[in-house]
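First up is the structure itself, then whatever we jot down about it.
Proteins come first, then strands; the chains are lettered A, B, ... in the order of their sequence lines, and each starts at number 1.
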There are 2 protein chains.
Amino acid sequence: MAVESELRRGRTNVRSNVRKAPGPCEHWNDDSADFIREILDLVGDKWSVLIIGTLADGSVRYSDLADAIPGISQRMLTLTLKQLQRSGLVDRTAYAEVPPRVEYSLTALGSSLLATVLELAAWSADRHVEIRRHQHAYDTREA
Amino acid sequence: MAVESELRRGRTNVRSNVRKAPGPCEHWNDDSADFIREILDLVGDKWSVLIIGTLADGSVRYSDLADAIPGISQRMLTLTLKQLQRSGLVDRTAYAEVPPRVEYSLTALGSSLLATVLELAAWSADRHVEIRRHQHAYDTREA
DNA sequence: CTGAATCCATCCGGATACTG
DNA sequence: CAGTATCCGGATGGATTCAG
């Protein structure tokens, strides 16, 4: 996701010797490919998706997110939340209390993404057995 | 994507001291989260998605893929194709000719994923302006 | 043309310690 | 509680070279 560098600079430095290749594609042009990359940088890593899924229910506070998402480090939780907030997918609300309480929730934009993400999740659940079968067959072919 | 290690070993080594956290989630359980991770490892990087999109039209040969996807290195093209083939999303057909010709195409499984991916692409195209606006506002707030 | 193999700078992300 | 700061090993992926 390149969270860290992404946060300080708006774009990934892609300077490369690519001439606009003549490749035809029915479904998207070169610009669309850039959009995809942007979104993939947002939701292409597991943490973003898991956070979005966890926030689907409503507002969740920081420590509850940490508990709800096993294996995530404080660092990545904070970093990913900040990234999602920066992109307008997540709202952050801090309450001036002691002890401090901060709640995160999906914005309308985030919710609209959730729908698509859930479809991907459904696809995953439906096909993961078949995929595993393919992978195992591939790995043990003529071994 | 962890292509390299993923190709030799079936799973990413995740051994960590996570107890099955009590986190409730309306949309998926801990196992589903694993599925998501698997699929994200497959399509969570830009190259996989771009390759799948390019293969949407039909069979495409190796060098044409390289031309159609600006910026991809030979290494990543080969590696990603192999990964997709391993998972049963892509078919590889080699023709015994001189010069050699190898064509790649989506399997039925791959096509079914394409549909979901296209939705994500559409979402990206629809919202990327809004997202950029959020990001810019965030970056320049009280700077 | 279609890769495979190696090298290596860069980045990612977990662990740990510290703060308001 | 809700983060921030730093360290640092390992993964990532581009460039290059070699091969069938």
Side-chain angles (χ1 to χ4, degrees), chain A residues 1-9 11-18 37 40-42 44-48 50-51 59-85 90 92-104, chain B residues 1-9 11-18 37 40-42 44-48 50-51 59-86 90-104:
Chain A
M1 195 167 79
V3 175
E4 293 155 4
S5 53
E6 206 70 7
L7 277 175
R8 36 200 85 202
R9 313 194 301 103
R11 279 178 146 294
T12 307
N13 185 2
V14 200
R15 185 233 8 258
S16 59
N17 49 350
V18 289
R37 285 229 279 258
L40 242 38
D41 282 345
L42 272 178
D45 68 308
K46 59 184 180 193
W47 299 134
S48 295
L50 293 177
I51 287 178
S59 286
V60 182
R61 56 190 302 180
Y62 184 87
S63 57
D64 287 339
L65 274 173
D67 290 341
I69 303 176
I72 195 171
S73 61
Q74 255 186 3
R75 170 186 162 80
M76 288 319 291
L77 179 55
T78 300
L79 229 40
T80 309
L81 280 173
K82 201 175 296 184
Q83 169 76 10
L84 293 175
Q85 185 195 356
V90 158
R92 192 192 109 116
T93 311
Y95 298 90
E97 306 171 356
V98 282
R101 176 166 57 103
V102 178
E103 295 202 334
Y104 293 90
Chain B
M1 195 167 78
V3 176
E4 293 154 6
S5 54
E6 206 69 7
L7 278 175
R8 36 200 82 202
R9 313 192 301 103
R11 275 180 148 295
T12 307
N13 186 2
V14 201
R15 184 229 15 252
S16 59
N17 49 352
V18 290
R37 285 230 278 258
L40 244 37
D41 281 346
L42 271 179
D45 67 307
K46 57 185 181 189
W47 299 135
S48 295
L50 293 177
I51 287 178
S59 286
V60 181
R61 57 188 302 181
Y62 183 85
S63 56
D64 287 339
L65 275 173
D67 290 340
I69 303 176
I72 194 171
S73 63
Q74 258 188 2
R75 172 186 160 80
M76 289 319 292
L77 179 55
T78 300
L79 229 40
T80 308
L81 279 172
K82 200 177 295 183
Q83 168 76 9
L84 292 174
Q85 184 195 357
R86 180 177 105 100
V90 158
D91 261 344
R92 194 192 107 117
T93 311
Y95 297 91
E97 305 172 354
V98 282
R101 177 167 57 104
V102 178
E103 294 201 334
Y104 293 89

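- B:Val60 and B:Asp64 make their closest contact through CG1-CB, 3.6 Å (heavy atoms, listed as atom of the first residue, atom of the second, distance).
- The two residues B:Glu103 and B:Ser59 have their closest heavy-atom pair at OE1-CB, 3.3 Å.
- The residue A:Tyr104 sits close only to the backbone: its heavy atoms come under 4.0 Å of sugar-phosphate atoms, none of a base.
- OP1 or OP2 of C:dT2 sits under 4.0 Å from a side-chain N or O of B:Arg61.
- In this structure, the CG atom of B:Leu77 is 18 Å from the P atom of D:dT16, given to the nearest Å.
- One finds no side-chain N or O of A:Lys82 lying less than 4.0 angstrom from the OP1 or OP2 phosphate oxygen of D:dG3.
- An end-to-end axis angle of 40° holds for the helix from C:dC1-D:dG20 to C:dG20-D:dC1, taken from five base pairs per end and rounded to 10°.
- Heavy atoms of A:Gln74 sit under 4.0 angstrom from at least one base atom.
- Atom P of nucleotide D:dG3 and atom CG of A:Asp64 are separated by 12 Å, given to the nearest angstrom.
- Rounding to whole angstrom units, OH of residue A:Tyr62 and P of D:dG3 are separated by 6 Å.
- Taking atom CG of residue B:Asp41 and atom C1' of nucleotide D:dA11, one finds them 12 Å apart after rounding to whole Å.
- A:Asp45 has its CG atom 18 Å from the P atom of D:dA11, to the nearest Å.
- Atom C1' of nucleotide D:dA2 and atom CG of A:Asp67 are separated by 13 Å, given to the nearest angstrom.
- Each of A:Ser73 and B:Leu81 lies near DNA chain C, and the nucleotide nearest B:Leu81 is the one positioned closer to the 5' end.
- B:Leu79 is not listed as a side-chain neighbour of B:Trp47, based on a closest heavy-atom distance of 4.5 Å or more.
- Qualifying side-chain hydrogen bond (donor to acceptor under 3.5 Å, both in side chains) partners for B:Gln85, counting only residues two or more places apart in sequence or in other chains: none.
- A 4.5 Å side-chain heavy-atom check between A:Gln74 and A:Tyr62 finds at least one atom pair inside the cut-off.
- Applying the 4.0 Å criterion to OP1 and OP2 of D:dT12, one finds that B:Trp47 has every side-chain N and O outside that range.
- Here C:dC12 presents its P atom at 9 Å from CG of A:Leu79, a figure rounded to the nearest Å.
- Protein atom CD1 of B:Ile72 is 13 Å distant from nucleotide atom P of C:dG3, rounded to whole Å.
- Checking C:dG13, C:dG20, D:dG14 against the side-chain heavy atoms of A:Met76 singles out C:dG13 as nearest.
- In this structure the side chain of A:Arg37 reaches within 4.5 angstrom of the side chain of B:Leu50, judged on heavy atoms.
- Proximity of a side-chain donor or acceptor of A:Ser48 to a complementary backbone N or O of A:Leu42 within less than 3.5 Å is detected.
- When side chains are defined from C-beta on, B:Leu65 counts as touching B:Leu81, because their heavy atoms get closer than 4.5 Å.
- Here the nucleotide nearest the side chain of B:Val102, chosen from D:dC1, D:dG13, C:dT2, is C:dT2.
- Taking side-chain N and O atoms only, B:Ser63 has a distance below 4.0 Å to OP1 or OP2 of C:dT2.
- Picking from C:dA4, C:dC1, D:dG3 the nucleotide with the shortest atom distance to the side chain of B:Pro99 gives C:dC1.
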